[in-house]
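Presented below is the structure to which this report refers.
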Amino acid sequence: MGILIVSWCFLYPSTKMTVEVERKFVCDAEIMRKLQDIGAECVGEREFGDQYFDSPDFLLTLKDFWLRCRDGQWELKSPAVSEAPAETLCTRYREITSLPVIQSEVSKIIRESNCSQRKQIGQTEDTPICSTGDTKWLNELGLVCFAEFRTQRCSYVLEREDGAVRVDLDRADFGYCVGEIEVLVPEGGDVNAALQSITSIAEQLGLNSEKKVKGKMDVFLQRNRPDHYNKLLSAHIL
Ligand SMILES: Cc1ncc(C[n+]2csc(CCOP(=O)(O)OP(=O)(O)OP(=O)(O)O)c2C)c(N)n1
């Protein structure tokens, strides 16, 4: 990874990486009142559409890499810590939003895979290509859309000593609701401080369950792509 960071910085000097530290929680009927009580400010509601891409044999997601197009904006999330257990309450993912860097990173992973063992790449009946505008690079890398859904999001911000903490309340169009407490840590920033802020806000909201809460993707795959879901479970990615 060190070599990769050096080469990115050399090729794309303006590239900034961010680490998203996040804890998901189950939203109850009281959550909005609790947020107000602890001083959270509602900063707005919005709706967006996500499309997630992978190779037909799941090369990216089996490495815990998540390639997404959200309303035309590309993003690649990859694990910021290699040894984090799948059941951890707080997750840490590196986020890249520069399309050239995303393309370079994704193509490296695809190229490194053992091509001889891979299935024929391309569109099949149950892997439709999604409508994302320029799909040439996706086609060249053999990437197909495996999940597509819309989310209604209500966002709150809490100002804390170490910076802003965001709380999102999400409702996906397939009928799943989930909350997230999230801190974005700039490159080289203090991830431990972010973890502490999240834990403290979780306590203030009365979230005392030690059980990991499923994200939208878990539930989407479980319902719509059981093969993919089971592979990710077996690989301890989800
Ligand atoms: C609790 C948990 N979350 C995600 C993963 C891995 N993963 C699965 S899909 C996925 C990509 C989507 O990430 P997530 O933060 O869950 O989605 P969303 O809230 O819509 O994105 P945001 O607006 O915050 O950028 C990841 C990282 C995991 N293993 N465990």
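Both counts, for ligands and for their atoms, begin at 1 and track the order of listing.
- Evaluated by nearest non-hydrogen atom to atom 5 (C) of ligand 1, the leading choice among Tyr93, Tyr52, Phe220, Phe149 is Tyr93.
- Under 4.0 Å from ligand 1, not a single heavy atom of Lys214 appears.
- Here CZ of Arg94 is found 5.5 Å from CE of Met17. Values are rounded to the nearest 0.5 Å.
- Residue Thr91 has no N or O atom closer than 3.5 Å to an N or O atom of ligand 1.
- For the 3.5 Å distance criterion, the side chains of Ser200 and Gln204 qualify, holding a donor opposite an acceptor.
- In summary, of the residues considered (Glu41, Arg166, Met32), a side chain to side chain contact (heavy atoms under 4.5 Å, CB included) with Tyr156 occurs for Met32 alone.
- Neither the backbone nor the side chain of Asp218 has a heavy atom within less than 4.0 Å of ligand 1.
- Using a cut-off of 4.0 Å between Lys/Arg side-chain N and Asp/Glu carboxylate O, Arg70 and Glu75 are scored as not salt-bridged.
- Of all atoms in ligand 1, listed by their number and element, those nearer than 4.0 Å to a heavy atom of Lys216 are 18 (P), 19 (O), 20 (O).
- In this model, no donor atom of one side chain and acceptor atom of the other lie less than 3.5 Å apart for Trp137 and Asn139.
- Heavy-atom contacts from other residues, nucleotides or ligands closer than 6.0 Å to CZ of Arg153 number more than 12.
- Under a 4.0 Å criterion applied to the non-hydrogen atoms of Ile237, ligand 1 contributes the atoms 29 (N).
- At least one heavy atom of Glu20 sits less than 4.0 Å from an atom of ligand 1.
- Distances below 4.0 Å separate heavy atoms of Glu182 from the following atoms of ligand 1: 24 (O).
- Taking only non-hydrogen atoms, the option from Met217, Lys24, Arg68 nearest to atom 16 (O) of ligand 1 is Lys24.
- Taking every non-hydrogen atom of Glu180 and a distance limit under 4.0 Å, the qualifying atoms of ligand 1 come out as 15 (O), 18 (P), 19 (O), 24 (O).
- Glu20 CD to Tyr93 OH: the interatomic distance, rounded to the nearest 0.5 Å, is 9.5 Å.
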